[in-house]
Student: 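Before I ask anything, here is the structure I am working with.
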Amino acid sequence: MRHLELTVLGLVLCGTAAQAQDVKPRPHALMEPAALHETKWTSGFWAQRYDACRTKMVPAMWTLISGKERTHFLENFRIAAGLAEGRCRGAAWNDGETYKWLEAACSLLITQPDATLRAHVDEAVDLIAKAQRPDGYIYTKVIIGQRAGDPAAQPFSDRNAFEMYCMGHLMTAACRHHQATGNDQLLTVAKRAADFLIQHFANPTPEQAKNSVCPAHYMGFLDLWRETGDVRYRNAAQHFIDMRKLVTDGGDDNQDRIPFTEQTKICGHAVRANYLCAGAADLYLETGDKALMTPLTSMWKDLVTRKLYITGGCGALYDGASPDGSTEQKTITRTHQAYGRDYQLPNLTAHSETCANIGSVMWNWRMFEATGEARYVDLLEHTLINSVLSGVALNGTDWSYVNPLRVLDPMPLELRWGGARQPFISSFCCPPNVVRTLAQLQTMAYAKSEDTLWVNLYGGSEYTTEINGVKVKLTQVTDYPWDGKVLIQVEPEEPVTFTLKMRVPGWATSSEPSATPGTYLSERKEWRKGASTELNFSMPAQFIESHPAVEENRNQLAVQRGPVVYCLESPEIAGIRMNDVSISSSSRLTPAFDSNLLEGVTAVETEIQVRPQGDWNDKLTRPLQQASDRKIPARLIPIFAWGNRGISEMSVWLPATR
């Protein structure tokens, strides 16, 4: 029956672009995000990160992807096009990372023209176009293999290959390239690739249905539909999500052990799970299908109440089994870089891959678009600050794949990914994901619905748009997240009445004017030139405790101020080992901004206890050692800024003393 349903849908895919004239994109979104050309960061925290992205990250990454010293990115396209000799080198997903860089670069070009960057973009796009097969297929690993005469090099012959992932990012990058340049060269490549996928999977077999590793293609198809108006691409997103129902021997490593609409728990590979949820939420914005929203809501609740790190990090385990501990042994499958069981959140070995955390941002943004609920932006912001920014050093050129909450030197165990950031990671998926996120983050800062402007993210910025037929400019002045005062200046070209909604974060237990935390404060009136409104959130630093079922955090405390999570790092405690320290719940927490510390952050000054642990060599247990504590002053820093002063130890959670 399922095969018949999919076959019929496959026929629907043959519709023409003309059908799109009767279909409005995103009919079930409650608001429209700000366009890149409408908004920009002007000062403060996010402007600082955006500028680092533009001046450091994107140029340095171009040097890497355009070269061939470390591995191949653009060089694989050059070889696939027959312009160079050689073998395919690098991870199976390197095509996708090239597309992510392009998406970031084109986002920057929309807001600030740059002749050098445009030349790099043109060079990359030209190579990609030349590498594409005449039938539209484009995946350099297979194309290079075919050119070398390898009979095993066939499209979609390996369900664990990353063709869908790469082509999905191609579609998204092509839309951004078209918006930035008005040139349809890459858009044509993406459309031909999409058309190949539609034809190849029009009547999928269960074996073909397994091809959805890290499914960027759901969002890619929808981006292409919104950019081109060709309704076949919207239908394709529905088709490829429905195709998952055909899988008969799937697993949680790719979220296809059971159909998506039957899932209630977040499990398996954290990046793939979050990409899937983001894609399903994106499709919901087009269809309003409650069969999609029901599992999305259930899995989101499971994540935030049982499986989410305090930093917003996703994915506790390097490797595991799912469903872990189940009595139904036949259903257990291997999971890689995965969500753990409920309340399983180790700190020293936390995986918390940067890409998974970005996947959570994409998922939460689409849930917000569908519901207008502040809780999704709360988590989005929290994740961005604490477990996305932690993926890149302040120098903009060193990166981390995983984001642990505790690091020791030396580590008591060997892990595949070290605690220190590096200029190059063999699995180079996270760095371009960070770059494309920062390059277009301002589109999430504001949104617009009928008769309403939404202020979602706080940071010095400007937003110019039209509301009720009148051009309006919002200017935001704030030192957030270091200070809770936010001033919004409203400049309409002529008097106009509309509602201004400003997010009141869930952590803001008090604000002026008084508002319910975790909601939007609405102010409706006739706005005239020179008008302004102000929000002021109380931002005390406070201790956080964990659910008692999280064994790794029992009798430990963390510190948070506003949306920022803090850690203790060894440079702040004069060489004292992290295993020797604890903190009292009665210790005073005093925020203090230091412009000379880590490019300017608010630190939290406090007092900690030091109790030397003594000799644990070759001991697993020992009788309790009597040792006196001594108290010393210490300074906690934001978790995103750790590891920027050389090799160090660090911990978010500290043992609690009375």
Student: For Pro59, check side chain to side chain contact (heavy atoms under 4.5 Å, CB included) against everything at least two apart and list the hits.
Tutor: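 Not a single residue meets the side chain to side chain contact (heavy atoms under 4.5 Å, CB included) criterion with Pro59.
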
Student: Could you label the plane-to-plane angle of the His200 and Phe196 rings as parallel, tilted or perpendicular, counting under 30° as parallel and over 60° as perpendicular?
Tutor: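 Ring orientation of His200 relative to Phe196: parallel.
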
Student: For salt bridge (charged side-chain N to carboxylate O under 4.0 Å, His left out), just list the numbers for Arg159 and Asp256, CA-CA rounded to whole Å, side-chain angles, deciding distance to a tenth of an Å, and then say yes or no.
Tutor: CA-CA 12 Å; Arg159 72 162 296 193; Asp256 54 11; 2.8 Å; yes

Student: Got more than 12 heavy atoms from elsewhere within 6.0 Å of CG, Leu83?
Tutor: yes

Student: Tell me whether Glu123 at atom CD has more than 12 heavy atoms from other residues, nucleotides or ligands lying less than 6.0 Å away.
Tutor: yes

Student: Would you please name every residue forming a salt bridge (Lys or Arg N to Asp or Glu O under 4.0 Å) with Glu227, sequence neighbours left out?
Tutor: none

Student: Aromatic ring centroids of Tyr401 and His351 under 6.0 Å?
Tutor: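 For Tyr401 and His351, the ring centres are under 6.0 Å apart.
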
Student: Does Lys68 have more than 12 heavy atoms from other residues, nucleotides or ligands lying within 6.0 Å of its NZ?
Tutor: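 Counting other residues, nucleotides and ligands, NZ of Lys68 stays at 12 neighbours or fewer.
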
Student: Decide, yes or no, whether a salt bridge links Arg78 with Glu75 under the criterion of side-chain N to carboxylate O below 4.0 Å.
Tutor: yes

Student: Can you name the residues that form a side chain to side chain contact (heavy atoms under 4.5 Å, CB included) with Thr264, not counting sequence neighbours?
Tutor: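 In terms of side chain to side chain contact (heavy atoms under 4.5 Å, CB included), with neighbours along the sequence ignored, Thr264 is linked to Ser298.
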
Student: So, do Pro323 and Arg257 sit near enough that their side-chain heavy atoms are less than 4.5 Å apart?
Tutor: yes

Student: If you define the side chain from C-beta out and look only at heavy atoms, does anything of Asp282 sit under 4.5 Å from Arg226?
Tutor: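 Answer yes - side chains close enough.
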
Student: Scan for side-chain hydrogen bond (donor to acceptor under 3.5 Å, both in side chains) pairs involving residues 102-114, sequence neighbours excluded, and state none if there are none.
Tutor: Tyr50-Thr111, Glu103-Arg436, Glu103-Gln440, Ser107-Arg176

Student: Using residues 141-152 as the side-chain source, report each donor-acceptor pair under 3.5 Å to any protein atom, sequence neighbours left out, with the distance given to one decimal.
Tutor:
from, atom 1, to, atom 2, distance (Å)
Gln146, OE1, Arg133, NH1, 3.0
Gln146, NE2, Ala153, O, 3.1
Asp150, OD1, Ala152, N, 2.9

Student: Which residues pass the salt bridge (Lys or Arg N to Asp or Glu O under 4.0 Å) test with Asp51, not counting sequence neighbours?
Tutor: Arg54

Student: Do Asp195 and Tyr233 get their side chains close enough for a donor-acceptor pair, meaning under 3.5 Å?
Tutor: yes

Student: Using side-chain heavy atoms (C-beta onward) and a distance below 4.5 Å, is Leu317 in contact with Thr335?
Tutor: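 When only atoms from C-beta onward are counted, Thr335 and Leu317 do not touch, as no gap falls below 4.5 Å.
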
Student: For Ala60, give me all partners under side chain to side chain contact (heavy atoms under 4.5 Å, CB included), at least two apart in sequence or on another chain.
Tutor: Thr397

Student: Any side-chain heavy atom of Arg26 sitting closer than 4.5 Å to one from Glu286?
Tutor: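 They are in side-chain contact.
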
Student: ring-ring contact (aromatic ring centres under 6.0 Å, His included): which pairs involve residues 173-192, sequence neighbours left out?
Tutor: none

Student: Under 4.5 Å between any side-chain heavy atoms of Ile425 and Trp417, yes or no?
Tutor: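 A side-chain contact under 4.5 Å exists here.
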
Student: Could you list all the salt bridge (Lys or Arg N to Asp or Glu O under 4.0 Å) pairs where at least one residue sits in residues 80-99, not counting sequence neighbours?
Tutor: Glu97-Lys100

Student: If you look at every heavy atom in Met61 and Phe428, which pair is closest and at what distance?
Tutor: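 Residues Met61 and Phe428, closest heavy atoms: CG-CE2, 4.1 Å.
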
Student: Is any side-chain heavy atom of Tyr339 less than 4.5 Å from a side-chain heavy atom of Cys314?
Tutor: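 Sidechains of Cys314 and Tyr339: in contact.
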
Student: Residues in side chain to side chain contact (heavy atoms under 4.5 Å, CB included) with Ala350, at least two apart?
Tutor: Tyr309, Leu405

Student: For Trp225 and Asn235, does a side-chain donor sit closer than 3.5 Å to a side-chain acceptor?
Tutor: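 The answer is no; no qualifying pair exists.
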
Student: Can you list, pair by pair, the side-chain donor-acceptor contacts under 3.5 Å of residues 213-224, counting residues two or more places apart and other chains?
Tutor:
from, atom 1, to, atom 2, distance (Å)
Tyr218, OH, Arg244, NH1, 3.1
Asp223, OD2, Thr172, OG1, 2.7

Student: Return the set of residues passing ring-ring contact (aromatic ring centres under 6.0 Å, His included) with Trp62 (not counting sequence neighbours), or none when no residue passes.
Tutor: Trp101, His120

